[in-house]
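Just below is one structure, and these are the notes that go with it.
Every heavy atom of this structure was used, including side-chain atoms; hydrogens, water molecules and symmetry mates were not. Naming: A, B, ... by sequence-line order, numbering from 1 per chain.
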Amino acid sequence: MRSRQGIIELFTTFLELDADRAIGWAIDARLRRSMVNCQASLPQPETSENFWISYWYKQWHNSVQNPAQSLGKQHLVSYLQEVCYWSAQKVAQKAAQGNSSGQYSLSDCFQMAIMRVDKVLKGFKPDVGFNLKNYGSVVFSCELKEILRSQNEIEICTNWRLLRKLSHKRLVESLQNAGYGADMIPSYVLVWRCYIELYAPEQPTGTRRLPKPDEATWKAISQLYNLERHTQLSVSGKESNSETVEKWLVTCAKAVRSYLYPSMTSINAATNSDNAGELQDILPQLQQESILTEMIAVEEKNERQLQRQQISDFIVTAIKELDNEAQKIIQLYYSQELTQQQIAKELEMKQYTVSRRLSKTKDTLLIKLATWCQESMHISLNSSVLDYVSTILEEWLQNHYSSNSMPLGENS
DNA sequence: GATCTCCATAAGATGGGACT
DNA sequence: AGTCCCATCTTATGGAGATC
């Protein structure tokens, strides 16, 4: 890609992209006029990038109250083209190397990133020394990674898990969106209700990979459906068997997927219609937010909380398994915040003995916790993971005892 | 041989006073 | 207010001997 030359080009041109390479720079005549006029109004020509960043940033900032002055944003979008291009290239390359499922071209990544330019401008703080290029690079990369991650999350969530997380309202909307009418939707909804009742009545916990129900469950679901269709449906619908209920539920999941997370299509892709235009010609103005992404974020938060609770429970149990003297030392040191010298006096031993016991006890807890992490969370242990686990343990001991004056029970 | 205890001491953290 | 120096406190650890 040819670098832009001169201050006017830097703030008035836009990148032209093929699927995965930059072709050149297109000049925007209106922006060019705007730059030339502004230059002319200054006592002497200004060639500093920082001056113009600051100038157009202020314009953009004011335009939030006065949209008539929205030129500032367009000049900044032009300026950020290169940064956006490099971020898109980096992310697109990584996605291509990894097993990321979204087949996005560089051009797609660029388009997705540049759409987030408002995030760059809103977070940018010129008065505290931010550099717009660096800041833009970080924000574009993070946003792109987030988009790809969300897409990946959707795809690793099984149909059965997706159906379990769904609300009744959302299912009906999805089926309507997929073109199903009032003749079929009640049957789909009823079979979905039977599925929830018989297969996954508990609230979902951590896993996104809820497996497919077994044959016996399918049978039970179809029996329940056949029983209830006479009372629950206004027109009692067709008799179903294991195969049809599974087929219907897969149809529901498909409808939900396409409703909640429409598949990304390259903006430059040709449409199937006869006039062979590009999709961008008919692109709707409004971007549909991914509701599913939100659901997954909530789930992840719950997972982290659950994990913290599990770690805490494990450490409490591990401490109870220590001998009385070790428990006492831990308690006096972390809970009562005595020095090793004071503990030594209390327990009639030497300071160095307390020190050695304390570090040995912590080693014991560390080994137990690390082993448990390895087994229950499938984390492979290396020195940095051990350091991390050690920090978690130390923080837990400090926080736990400072917030709980938990008297440690005698060994039983 | 592994573990514990003891002693001496190193290393780091903290606090107070003098000085600019 | 910030910095430097020094004394003191706290904790960790190497090495030697005792014990299991």
Subject >> 5' to 3' contact window, DNA chain B with chain A (heavy-atom distance under 4.0 Å) >> reply: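 Contacts span B/dC4 to B/dA8, reading 5' to 3'.
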**OP:** Salt-bridge test for A/Glu321 and A/Lys368: reply yes if a basic N is under 4.0 Å from a carboxylate O, no otherwise.
**Re:**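 Answer for the salt bridge query: yes.
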Original post:
Is the shortest distance from a Lys or Arg side-chain nitrogen in A/Arg193 or A/Glu228 to a carboxylate oxygen in the other one below 4.0 Å?
Top reply: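 Salt bridge flag = no for A/Glu228 with A/Arg193.
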**OP:** Just jot down the side-chain hydrogen bond (donor to acceptor under 3.5 Å, both in side chains) partners of A/Thr244, sequence neighbours excluded, or say none.
**Re:** A/Asn241
Measure all distances between protein nitrogen or oxygen atoms and nitrogen or oxygen atoms of nucleotides 10-12 of chain C, and list the pairs falling under 3.5 Å.
from, atom 1, to, atom 2, distance (Å)
C/dT11, OP1, A/Tyr333, OH, 3.3
C/dT11, OP2, A/Gln340, N, 2.6
C/dA12, OP2, A/Gln340, NE2, 2.6
C/dA12, OP2, A/Ser355, OG, 3.1
C/dA12, N7, A/Gln351, NE2, 3.4
C/dA12, N6, A/Gln351, OE1, 3.3

Subject >> Closest approach of A/Glu46 to A/Phe51 (non-hydrogen atoms, all atoms of both residues) >> reply: CG-CD2, 3.0 Å
**OP:** Evaluate the side-chain contact (heavy atoms from CB on, under 4.5 Å) criterion for residues A/Tyr135 and A/Val83: first the C-alpha distance (whole Å), next the side-chain angles of each, then the deciding distance (0.1 Å), finally the verdict.
**Re:** CA-CA 9 Å; A/Tyr135 184 69; A/Val83 173; over 6 Å; no
Subject >> A/Arg4-A/Thr13 side chain donor-acceptor pair, cut-off 3.5 Å >> reply: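 A pair is found: one side chain offers a donor N or O, the other an acceptor, under 3.5 Å apart.
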Subject >> Of A/Trp248, A/Tyr225, A/Tyr195, the residue whose pairing with A/Tyr188 passes ring-ring contact (aromatic ring centres under 6.0 Å, His included) >> reply: A/Trp248
